[in-house]
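First comes the structure, then the notes that go with it.
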Amino acid sequence: MQWNINIPTAEYYDVQEIPGRTTGPIEHLIRALEDAKEIAIDTETTGLVRWKDMPLYWSVAWGNRRATVHARTLPLFRSVFQDRSKRWLLADAKYDMHILANVGVILEGPVVDIQVMHALLYEDRPHGLKGIASHILGWTWSDFQDTFGKISVKQNAEALIRRAEAENFNLLIEYAANDAWGTLEGGRQLKIQLEKVYTNSLFSVLPPYINTLWDLFDKTEVPYTKVLWECERNGILIDQEYLQRIAPTASAEIDDLARSIVHETGGKVMNPNSGQQLINYFTSIGAPLTKMTKGGVSGIRKTAIDATVLDFLSVSHPVAAKTKRFRELTKLKGTYIDGLDEVKDPFNRIHTRFNQDVARTGRLSSSGPNLQNIPRADNDKWKLRGAFIAPPGHKLIVADYEQLEMRLLADGSREEGMCDVIRRGWDIHMGNAAMIYGVPYDDISVAKKTEKKVKSGELPESAMTEYMKQCLIFRAEVKTIGFGLVYGMGDGKLARDLGITKKEATEKSKHFMEKYPAIKSFKEEMLKDATEYGCVFTIMGRRRSLPGIHSYDRGDRSKAERIAVNTPIQGSAADVVRVAQLHCWSAGLDARYGARMLLQVHDELVFECPDENVEECKAEIKEYMEHPFAVELSVPLGVDINSGASWLAAK
DNA sequence: TTAGCGGGCGCG
DNA sequence: AAAGCGCGCCCGCTAA
C-alpha cells in the first residue's frame, strides 16, 4: 500500500543487544532522545485500568526515526524523561502518563495531546489516534484487535501481546512504532493547522497572546492536560462502609416495590424496568399513552413511558407512581452504589477520567465512572455524596461558581439591567424579576423567605399574601425564561414549563426582551456570527462551527441556531473554570498546603486539604476563581466555598 | 456471549 | 408548526 507520508523503518531496542532482534546498543537510543526536542511516545500495556496496568513495550518517534523499546529499559531513560525542555506528543496522553507513572516515570516537560488538538479543529469527527491518522495523514494501519486479536476474559491484553512476542515479534514492533509515528506526524500537521486558524472573542478579556487556535491550545489546553492528570491520579476517597451499609437496604426496598407492582398488575408487569411491559399493561387497562419518543438515529418514534407520563398516570394509577419510584431506586443502586463499588482502587479511591476532547462546547466530560452526575442531596434518599469523603485529618473543600452562565451572559451582552442586578449582589432571578416587572427587589426577597418558612411549617399557609404569590410567579417566570434563553427554548416549551398558553408565553418572552434589549442583541449577534462565519466563539476564543446553520432542513437549522446561542455561554463558563483550575495548579496549593484538586463538575471544584490549612486554602482558591483573568469582567464573579468531612457536608 | 441501539435519567 | 444546551451509564431488547 502506498501512503502519502513517509514511514521510516521501525527500530527495536532492549536493555542489551540481541543479535538479529535489536537495532543497536541502547545507549544509541538514549543519546538520540537526549538530543531530541520533540518526541512522540506511546505504550503497549497489560490492560486498560489506569491505576493498575503496566507497560510491556513503549514506542517513540522523533525527527525522522521511530522505535519500539522493551519496558524494562524505562529506568535507563531517566535523563530523557526529566528534561523539562522536551515536548512530548501523545494520543490520549493521560492514559499513557498513568501507565508510565505506575513504573515511576514522569514526563516533566509539556505534554501535548494530539486528540485535544484535533478536537479544537474538528469537533464533529472522531479524535482517536486511528481517526486522526486517517483524517489528517491519510494513513491507516491495523488496529490492536486486528494485530493482536480480540481482548476477552480468557485472553487479556497482556496475554495477546505475549503471544505476538513469541509468534510474530516484528508485527509487534511495527504496530507499536506505528502508533508513535502516527502521533508525531499527526501532531506536526495539527500544529500547522491550528496556527492557521485565527480566533476571536466577543468578550473583552481575550488575552493579547491568543491570536490563533494554536495559542489557545498551547497556553491553556497543554498545561490543563497535566492538571487533569493530577486530578485523575489523586482520585477521591470513598467511604466503603457507607456504601456497604446502604446496598442491602436498597436491594430490599427495590425488591418490595417490584413485588408490589407485580401483584397490583396481576402479574402483567414482571419487570418494572421494561418499558414494553409497562406500555402493554397501561394499554390493556385503557390508560392514555399519547407521548412519543424522539426516535433515536433511525427516527422511529415509539410510545414514551418516561417520568412525565408516569406522573400523569399516577393520579389514577398507583402502579405508575410505584414504577417511577422503582426506576429512581434502581438507577441509584445500579449506577451509583454498585457502579462505584466496582471501580475503586485498593485504597478505596475512585479515579474518574476527565475527557478533554469530548464536549463540543469545550466542557469536560467525566467517565469510568462519571463523577459529574452524582445525585444531589435533595434528589437522593441515600445521600450518596456523603460517601465521598476526605481522609483522616483532612477536609474536602467544595467551591461553586454562583450563576456563572448568567453572569457571562450579562457580561457578553452588556445588558445593563442584568449587570446592575449582579453588581448589587442580588439573587439573579429575583433581581431580574424586579427589573422586568418593576417590583421592589425586597418584596420578592420577602416573598421567597416567607414561602420557605411556610414550607418548613414555621409560618401558617395564610402568611403568604396574594401579592407575595404574584412576586414568586414573576420570579419563576423570569428564571425559566432566563435559563431558556441560554438554551434557545421556544415559546411552546416555555408555556408548558410555566403552565400557561403559548400566546401568554410569547408575550412574556417579548416583555423580557423589551426590558433587557441587549440580551436580544446578543442573541442576534451570535446568529449573525453563525451565519456569516459559520462558527461562534467563547470567551477564550474557542470556536464551534455550525454546519447546520445553512441547512435546508428547518429542524437542523433551528438546532444550529440554539447551539449558536448556547455554546458561547456554556463554553465560556467552561473556559473560566479551566483558567481558574490552571491558577490553582500553578499556585502550588499542594506544595504549600498539601491541598489536592480532585474533581471538576462544570462550575464546581472539589479539593482535599489538611485540616490546619483549610481556611487559608479556601481564601486562595476563592480568589483565583473569582479573578480568572488579568482584566476584570464587567460583572463580578461569585464563588461559594465550603468545607467538610464529605462532599455532602461541604455544601 | 457479546455488541449496539433506544429509552430513560443522573448531573451542570 | 414546533423546536432547550452539554454530557455518561444502566437497563431491556434484539441480532449475531
- [ ] Would you confirm whether A:Gln277, through its side chain, and A:Asn271, through its main-chain N or O, come within 3.5 Å as a donor-acceptor pair?
- [x] yes
Open item on the list: Tell me which nucleotide, if any, is Watson-Crick or G-U wobble paired with C:dG6 when both distances must be under 3.5 Å.
Closed with: B:dC11
- [ ] Check every strand shown and say whether A:Asn379 touches a base, only sugar-phosphate, or nothing at a heavy-atom separation below 4.0 Å.
- [x] sugar-phosphate
Open item on the list: So A:Ser366, base contact, sugar-phosphate only, or nothing? Heavy-atom distance under 4.0 Å.
Closed with: sugar-phosphate
- [ ] Indicate, with a heavy-atom threshold strictly under 4.0 Å, whether A:Ile374 touches base, sugar-phosphate, or nothing.
- [x] sugar-phosphate
TODO: Please state how far atom CD1 in A:Ile337 lies from atom C1' in B:dG10, giving the value in whole angstrom units.
DONE: 13 Å
- [ ] Could you tell me the separation between the CG atom of A:Leu404 and the P atom of C:dG6, rounded to a whole number of Å?
- [x] 18 Å
TODO: Measure from NZ or CZ of A:Arg385 to the centre of the six-membered ring of A:Phe388 and say whether it is under 6.0 Å with the direction within 45° of the ring axis.
DONE: no
TODO: Grab the CG-P distance between A:Leu494 and C:dG4 for me, whole Å please.
DONE: 11 Å
Task: Positions of residues 260-285 of chain A (non-hydrogen atom under 4.0 Å from DNA chain C), listed by number - done: A:Asn271, A:Asn273, A:Ser274
- [ ] Answer with base, sugar-phosphate or nothing: what part of the nucleic acid does A:Arg301 contact at a heavy-atom distance below 4.0 Å?
- [x] nothing
- [ ] Mind checking A:Lys502 for me? I need base, sugar-phosphate or nothing, with any heavy atom below 4.0 Å counting as a touch.
- [x] sugar-phosphate
Open item on the list: Tell me which residues in residues 560-579 of chain A lie within less than 4.0 Å of DNA chain C, going by non-hydrogen atoms.
Closed with: A:Arg562, A:Ile563, A:Asn566, A:Gln570
Task: Flag, side chain of A:Glu561 to backbone of A:Ile549, donor-acceptor distance under 3.5 Å - done: no
Between the protein and nucleotides 3-5 of chain B, which nitrogen or oxygen pairs are less than 3.5 angstrom apart?
{"from": "B:dA3", "atom 1": "OP1", "to": "A:Lys150", "atom 2": "NZ", "distance (Å)": "3.4"}

Open item on the list: Under 4.0 Å, heavy atoms only, any strand: does A:Ser558 hit a base, just the sugar-phosphate, or nothing?
Closed with: base
- [ ] With heavy atoms under 4.0 Å as the rule, sort A:Ile305 into base, sugar-phosphate or nothing.
- [x] sugar-phosphate
Open item on the list: Checking the side chain of A:Lys383 only, and the main-chain atoms of A:Ala377 only, is there a donor and an acceptor separated by less than 3.5 Å?
Closed with: yes
- [ ] Pick base, sugar-phosphate or nothing for A:Arg385, based on heavy-atom distances below 4.0 Å to the nucleic acid.
- [x] sugar-phosphate
Open item on the list: Regarding A:Arg554, tell me which of base, sugar-phosphate or nothing describes its non-hydrogen contacts under 4.0 Å with the strands shown.
Closed with: base
TODO: Assign A:Arg544 to base, sugar-phosphate, or nothing according to its heavy-atom contacts below 4.0 angstrom with the strands shown.
DONE: sugar-phosphate
